[in-house]
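See below for the structure under consideration.
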Amino acid sequence: MLALSTQSADAAVKFENIAKSSLSTNEEQTDYDDVTTYNNFYEFGTDKRSPAKLAHRMTTRPWTVEVSGECEKPKTWNIEDILTGFQLEERIYRHRCVEAWSMVIPWVGFSLGDFLKVHQPTSKAKYIEMRTLYRPEEMEGQKSGLFGSSLNWPYREGLRIDEAMHPLAIFAVGLYGEHMPNQNGAPIRLVVPWKYGFKGIKSIVSVQFMEEQPLNTWQEQASREYGFYANVNPYVDHPRWSQASERRVGTLFGREPTLMFNGYEEQVASLYSGMDLTVHF
Ligand SMILES: Nc1nc2c(c(=O)[nH]1)N[C@H]1C(S)=C(S)[C@@H](COP(=O)(O)O)O[C@H]1N2
Ligand SMILES: [Mo]
């Protein structure tokens with residue numbers, strides 16, 4: 001069985017009995033070292049190398065995830081009960097940052113829809129909002145003025161309920177068969193592979209079912225540049241750069257073309273039928 005440490009060092013603890021998923025890509029995986037040393041986690045600074053150096057300061061035990069809002073069965077979970085309560089799968093997904101770099105990451109996770117359904121959302125539950133841990137004494141970047149970041153903490157993200165229920169959306173608790181390294185969002189983070197990476201909120205402490213569309217952190221910061229949907233779309237450029245191509249981190253090749261919905265078009269396009277994706281970017 002898992003030895004669940006009382007300290008924050010989740011990484012290097014192996015999961016057992018992880019199922020394989022037919023939803024995985026066969027593409028070559030990005031090296032573990034690149035996945036764990038080139039990160040966006042502004043709570044530990046805006047430099048891609050900072051999270052790997054500073055995120056060990058985040059304590060990830062004890063850890064709870066509070067589920068509330070428009071549901072019949074609100075619940076505050078201990079992370080241990082989440083890790084043992086859902087079927088863990090390896091999901092090898094393409095990962096595309098809004099900054100036009102990409103990776104292929106073998107996550108360990110479970111269906112977000114399965115998790116949400118346990119709480120019996122009401123008919124008013126049209127969206128979910130998730131929040132990251134707020135603990136400035138362990139997260140240097142949350143202290144104002146440091147690292148040049150002025151995000152309004154805690155980091156928040158949202159999904160429409162049908163997006164959240166889509167089989168590709170997961171809560172990830174590890175990568176490369178091991179517990180999630182702190183810099184990648186230990187002990188639990190969101191992964192929605194058809195969206196830009198910033199939707200993949202890390203180190204989640206709460207999930208709220210909502211009737212109204214929540215405001216996400218990057219949309220609040222710069223709404224002209226970052227929308228609520230943030231679907232990967234090579235035809236809708238960021239105001240300051242093109243989204244038509246991407247650099248695969250860790251490879252020597254040049255840029256490769258970015259695919260609509262990050263290559264998941266067949267599975268997710270129907271979620272957005274009838275929507276103008278240049279307006280709802
Ligand atoms: N709490 C929090 N979650 C976050 C971020 C962040 O700064 N804080 N950065 C986002 C961005 S921009 C990306 S690209 C991904 C990066 O995930 P990775 O470091 O595991 O590749 O995390 C997302 N989740
Ligand atoms: Mo990103």
Side-chain angles (χ1 to χ4, degrees), residues 30 38-51 93-105 127-132 141-142 144-160 162-164 166 168-169 185 189-202 212-251 253-265 268-269 271-281:
T30 303
Y38 190 86
N39 304 102
N40 274 336
F41 200 167
Y42 275 29
E43 285 83 341
F44 299 104
T46 56
D47 188 294
K48 302 266 181 299
R49 304 285 168 196
S50 301
Y93 279 164
R94 303 160 60 89
H95 179 65
R96 169 60 157 82
C97 178
V98 75
E99 298 164 310
W101 51 266
S102 64
M103 298 187 185
V104 174
I105 303 180
Y127 297 90
I128 59 166
E129 186 206 60
M130 293 146 284
R131 293 180 178 226
T132 293
Q142 288 179 337
S144 58
L146 287 178
F147 301 108
S149 156
S150 56
L151 294 181
N152 189 7
W153 310 109
Y155 197 96
R156 281 153 291 132
E157 259 305 338
L159 293 171
R160 217 171 57 193
D162 58 339
E163 299 180 307
H166 192 280
L168 284 170
R189 58 91 54 90
L190 177 71
V191 177
V192 266
W194 68 95
K195 293 180 179 285
Y196 291 121
F198 71 85
K199 296 297 288 183
I201 178 172
K202 295 176 168 181
E212 306 293 335
Q213 182 175 304
L215 190 64
N216 50 308
T217 294
W218 280 105
Q219 189 186 14
E220 178 184 63
Q221 176 77 3
S223 59
R224 229 174 51 82
E225 304 191 0
Y226 310 102
F228 175 78
Y229 284 95
N231 293 315
V232 176
N233 189 337
Y235 310 109
V236 177
D237 287 336
H238 186 280
R240 292 184 280 131
W241 59 83
S242 165
Q243 293 293 24
S245 69
E246 64 200 52
R247 174 180 63 90
R248 182 64 56 86
V249 173
T251 63
F253 314 123
R255 306 185 69 82
E256 44 188 279
T258 286
L259 302 176
M260 189 63 201
F261 296 112
N262 199 24
Y264 299 95
E265 182 170 16
V268 302
L271 291 171
Y272 309 103
S273 56
M275 283 176 64
D276 182 347
L277 298 180
T278 64
V279 175
H280 300 283
F281 57 87

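For this chain, numbers begin at 1 and follow the sequence in order.
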Sequence-distant partners of [X], side-chain hydrogen bond (donor to acceptor under 3.5 Å, both in side chains), two or more places apart:
X	value
N233	none
Y93	R91
S273	none

Can you sort out the partners of [X] under side chain to side chain contact (heavy atoms under 4.5 Å, CB included), two or more places apart, ordered by chain and number?
X	answer
L215	Q219, E220
F281	V236
A244	S242
E225	A222, H238, P239, R240

Open item on the list: Can you tell whether the side chains of E256 and R248 come within less than 4.0 Å, N to carboxylate O?
Closed with: yes
Contacts of type salt bridge (charged side-chain N to carboxylate O under 4.0 Å, His left out), residue [X], not counting sequence neighbours:
X	answer
R96	E246
R160	D162
K199	E157
D237	none

Task: Donor-acceptor contact present, side-chain T30 to main-chain I105, <3.5 Å - done: no
Would you say [X] and [Y] make side-chain contact, with heavy atoms under 4.5 Å?
X	Y	answer
V268	H166	yes
K48	E99	yes
R247	T251	no
K202	N39	yes

TODO: Test ring-ring contact (aromatic ring centres under 6.0 Å, His included) on W218 and F228 and set out the steps.
DONE: CA-CA 9 Å; W218 280 105; F228 175 78; over 10 Å; no
Open item on the list: Suppose we screen for ring pair (Phe, Tyr, Trp, His ring centres under 6.0 Å). Which residues come up paired with F41, at least two apart in sequence or across chains?
Closed with: F44
Task: Ring centre gap for F261 and Y272 strictly below 6.0 Å - done: yes
